[in-house]
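Working notes, beginning with the structure itself.
In what follows, chains carry the letters A, B, and so on, assigned in the order in which the sequence lines appear, proteins first and then strands, with residues in each chain numbered from 1. Heavy-atom basis, side chains included; hydrogens, waters and symmetry copies ignored.
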Amino acid sequence: MRVKWTNVEPCCVFCLIQGGSDDERKHCKLLEAISSLGGKKREVAFEKTSKEVSRWQSVVLQNQKAEQLVFPLNQEPSGPKRIEQVVAGWKAQTPLEQEIFSLLRMNKQPLHDPVLTPTEEASLRAMSLEEAKIRRAELQKTRVLQSYYEAKAKRGKRIKSKKYHRIQKKVMRKEYLKQFDEMVKTDPAAALEELKKMELSRMKERMSLKHQNSGKWAKSKAIMAKYDDGARKAMQKQLEVNKDLTQKLVIPADEDEEDEEESAETLPDFVNDVEPILDQVNPWMRGKLSTEPMMEESNRLHPPVWPREVGKPGEGRDDQEEDEEQMEETEEESLLRGFEERRKLRQTEDAVEISDDEEALEVSDDEEAGLSNFTSLFHGLVNHMEPPADQPKAGPGLGQGESPALLEEGLVRVRTLEDVELLSQDISASDTALLTTRDLGTEETDTQSATQQADKKRKKMIDPNEVLTKEAKVIEMPLAPTAVEDVEDKEEQRVIIKEAFAGDDVISDFLKDKRKQEEAGRPKVIDLTLPGWGEWGGLGLQPSRSKRKRFRVKVAPPPPRQDQKLPNIIIAEKRDSSIAAHQVCQLPFPFENPIQFERTIRSPVGRTWNTQNTVQKITAPKVVTQLGAIIEPIAREDLIKDIRQAVTGPSINLESDQGPQKKRRSQQKKKHKRKKN
Amino acid sequence: QHPVGEVTRKHMAVRNILPCYIFGGRIKVLSRNPDDYVRETKLDIQRVPRNYDPSLHPFEVPREYTRALNATKLERVFAKPFLASLDGHRDGVNCMAKHPKSLSTMLSGSCDGEVVWNLTKRECVRTLQAHEGFVRGMVVRFCGTSFFTVGDDKTIKQWKMETPSYGEEEEPLNTILGKSVFTSIDHHQKEGVFVTCGQQVDIWDEQRSSPIRSFSWGVDSFSCVRFNPVETELLASCASDRSIVLYDMREATPLKKVIMNMRSNTLCWNPMEAYNFTCSNEDYNLYTYDMRYLDKPFTVHMDHVSAVLDVDYSPTGKEFVSASFDKTIRIFPKDSGHSREVYHTKRMQHVISIKWSSDNKYILSASDEMNIRLWKANAAEKLGLLAPREKAAVNYSQKLKEKFQHHPQIRRISRHRHLPKSIYGQSKELRVMKEARRRKERNVRKHSKPGSMPVVTEKEKHVVTVVN
């Protein structure tokens, strides 16, 4: 089926611009009908290819954001080449050489790649640099935490306070019970074991004479109890403890358990899980171990019902402190546990045994700092850079925000510098003309408004000057009854205004302001007398009057102020039209406020103000091409490389901290595309 | 207390002040370390100690502004883009082809035969009569050893790149006879596959005399077909039913079609961004599309005052150049709506074909009046090797221009371009027309029921429909 299109060929340039005629619509319908014949297949094919092409998105964005692009893209690294590249066809010929090579071969020494042995290569393949770094940082953290934990435990052990230990034990017990409750739900078998242990401890408690009234302390307290209230209380407390400890544990009834199980079923576990974090590379983001203790911690910090015995305030504080400590501990423990687990996982995953010299991996603080830095950065990145999948604008949008608008095309041909000068003069002239007209316009409106106001005032039979200098009471005078409503309205307004400005005298402030400005604008006498010239000078000696008179320079008075005869207006005369022609009157696009723009202008670029290296960095061109080199289109290999880089991208941040220069430039990169159309 | 000749540790620490002892009395003499001011060899640059204290270098903004202004002025003064004109054709030049491996070689096909050029010497190296009538399209094989031409005589011919030796006859390596006229040809980036278009889009294997695949979609003629240089299996073509059609070489059917208000003449893929292409349209504009979202172009490039006939991307993918029937060449940044540069000369007529050289330095334009012109891609750029200090100076002035680009004087100077009177008048006229249309639309909207006249953006205006 062939459709003739000749009848829809445009007859003139603009007759088809609208494109909304009936013909067109019919035509579209026809097209759709035709397309529906094989449309499905085509749609599927298109989806496939567009998906395939979308892989390039990250590369394209990366290139757009790049501070500098060097073309051709995949240049061979300069510098000396490896020997085997240079002498490819070389063979061992003499017996000595052959012997040497056979020896090397026997020992599996590298022949063609002298840099790495097979084992080294295997190890390289097993773990990339980034992985190794992350792993190292992780190990470091583990070790540090372990040492902290040990130190803390030691400290805790050395504490002699019995109260401390008592409280700690209590807390531990509570924690233990809680855990046990959990365990009953999750792992009944283990819980049973625990239960047995508890039972055992109960038995021991019953057998022992602890917490009973047979101890030395208890006896003394029993004696004191008659007279001392505190002692009695202490006794009671101990007995309570005994009771607690020897009580049989009540296992929750089966029905309850079932209920709970049911509820658990209705609300699956993963609902409460932490959201899976997108990054697969970073081991710190993978697990949920750090989040769980955090939650617990928060729970503990704000417990809904926190059973705490009411004791002395000091004791209470102790208690709290202990709790906090414990929390930290548990967090650390869980962290450690997490590391262990993950390591195990990884070991099972990787068949290749990695020989890791833990001694070789040195502990250094800044590395860890770098890592945490990187995680935070990465978080930022993830938050900021959610690529809008279905927005075609997103791709090309970045990059050149500052693209100039129209070329100013004219009939003047610029040939010499003088022509160029003329150009700028031309614009300045036009600009000033425009400005002056604008000024005049504003002036006119100002004067108009002023006169209008004056007229209004005059209608009310009041002199404007008086109004300005004195308060508004004068106006409260009887008026003709014909304009009652109007007057009332105005009166109301006046009252409102008066109320609003009750505290401050606006009018006098205004007048003061105006006078000040007038003063500032008045010419000042310049005194150029130099003491000591032509006469004696020194302490307490004044230059002679005649001399002072001679060296005083009077400046010619400026033209009268524009607002001289307008009492209620200040016309600023600061604006210098000769400078205005050189000034930016509108805030350029990517900047959000004038301060930002001014800052970029204020920071100098040149060698006079910056060191050589800085200048080189600042003035580096965005696109660098090599003279006489053919620039090939970007190749698929680049895509693969770039994707890998994107995955392991943050490694750059691990190594280099961001200098101020870099930051500034990255800020500039955040410019968005200017939309012209 | 100090005996003569004793030098204390404290004094040693102060390096610059060397104590001298003359007969028991002590004088301090200023001395400097020669390492700080003496250069190691004669070839080194003199060490110049500098003090970067800002108070010593005041007025940094005015001084840099002046420098920027001067740099801008000089740029305009030195903006001499025209390099050479290659004349020799005896008819209008219809097509050109870049050599993929050699920068200095270029091919051009005219309306009666074709020529191979050497650009460095600016002379014709070889002439051969390829077709009877127009040479419609030509492309060099990716390896650079041979090239293909299509002509009005319904043939595809493959030629050797080497000049035939003495006594050898000038003969094509291969000739394929087609059923209809071919209008354009393009070659795959890596494989021995090429594509032609005419009444349909044909994909050919170099080894076979019949196409391995043909695409047609209710259209009777295509004007241009191009392989995607990045995703090498993708194709796009411009058809005379005002549509742009996308294809995948591996699929049996075309992928998608977008129909615009006016016909697109040619298109060019961005060599650095796999999914972007720009098409030159009859309605004086160029449109850059993302192939995934064809329902509207993401940029409309306006400035030409007549139909745009050809477009080519710079190899960096940052800019493209367009040739127009209005006798000018314009350079557009790829995401800007307006051109950054316009080239024209008195004698250049309708520009039919345009190429951006693969080292990103030159532009070649072929026009109606039998000439090929060589232009600089950056009008004010100094050609040839630059000394490092020269390069630094260029970079600095570039940065300054960028920094102060918003200042009115600098902007005025940097954007001023001379235009021939006719084009100037036309552009003015167009502006008036556009404004009138805009005003009318606004008025109609004002006087019609609210919502009945939706605002159509410039981007949406030019697309009629997208067909799956």
Partner chain B: residue of Ala635(A), Ala629(A), Pro72(A) with the largest heavy-atom pair count (under 4.5 Å): Ala629(A)
Aromatic ring proximity, centroids under 6.0 angstrom, His301(B) and Tyr287(B): no
Most contacts with chain A, counted as non-hydrogen pairs under 4.5 angstrom, among Lys428(B), Glu233(B), Lys391(B), Arg63(B): Arg63(B)
Contacting region of Val53(A) [heavy-atom separation from chain B under 4.5 Å]: both
Chain B interface, residue from Phe597(A), Trp609(A), Trp56(A) that has the most non-hydrogen pairs under 4.5 Å: Trp609(A)
Chain B interface, residue from Val623(A), Leu69(A), Thr416(A), Asn610(A) that has the most non-hydrogen pairs under 4.5 Å: Asn610(A)
Distance (rounded to the nearest 0.5 Å) between Arg42(A) CZ and Lys257(B) NZ: 8.0 Å
Atom group of Glu418(A) that falls short of 4.5 Å from chain B, counting heavy atoms: neither
Side chain / backbone / both / neither for Leu627(A) at chain B, heavy atoms under 4.5 Å: side chain
Between Leu69(B), Leu56(B), Leu103(B), the one whose heavy-atom pairs under 4.5 Å with chain A are most numerous: Leu103(B)
Which portion of Thr608(A) sits near chain B, non-hydrogen atoms under 4.5 angstrom: both
Worked verdict on Phe332(B) versus His338(B) for ring-ring contact (aromatic ring centres under 6.0 Å, His included): CA-CA 6 Å; Phe332(B) 293 84; His338(B) 291 279; 8.1 Å; no
Top contributor to chain A contacts, counting heavy-atom pairs under 4.5 Å, from Ala392(B), Pro254(B), Ala307(B): Pro254(B)
Which portion of Asp303(B) sits near chain A, non-hydrogen atoms under 4.5 angstrom: side chain
Choice from Pro271(B), Ser102(B), Ala79(B) maximising heavy atom contacts with chain A below 4.5 Å: Pro271(B)
Top contributor to chain A contacts, counting heavy-atom pairs under 4.5 Å, from Lys190(B), Glu251(B), Glu231(B), His57(B): Glu231(B)
Max heavy-atom pair count under 4.5 Å with chain A, selected residue of Glu341(B), Met260(B), Lys80(B): Glu341(B)
Residue list, side chain to side chain donor-acceptor pair (under 3.5 Å) with Thr49(A), at least two apart or on another chain: none
Thr72(B) side, atom OG1; His407(B) side, atom NE2 - distance, nearest 0.5 Å: 11.0 Å
Leu246(B) versus chain A, the contacting section by heavy-atom distance below 4.5 Å: side chain
Top contributor to chain B interface from Gln583(A), Glu47(A), Lys51(A) [non-hydrogen pairs under 4.5 Å]: Gln583(A)
Portion of Lys361(B) that has a non-hydrogen atom of chain A nearer than 4.5 angstrom: side chain
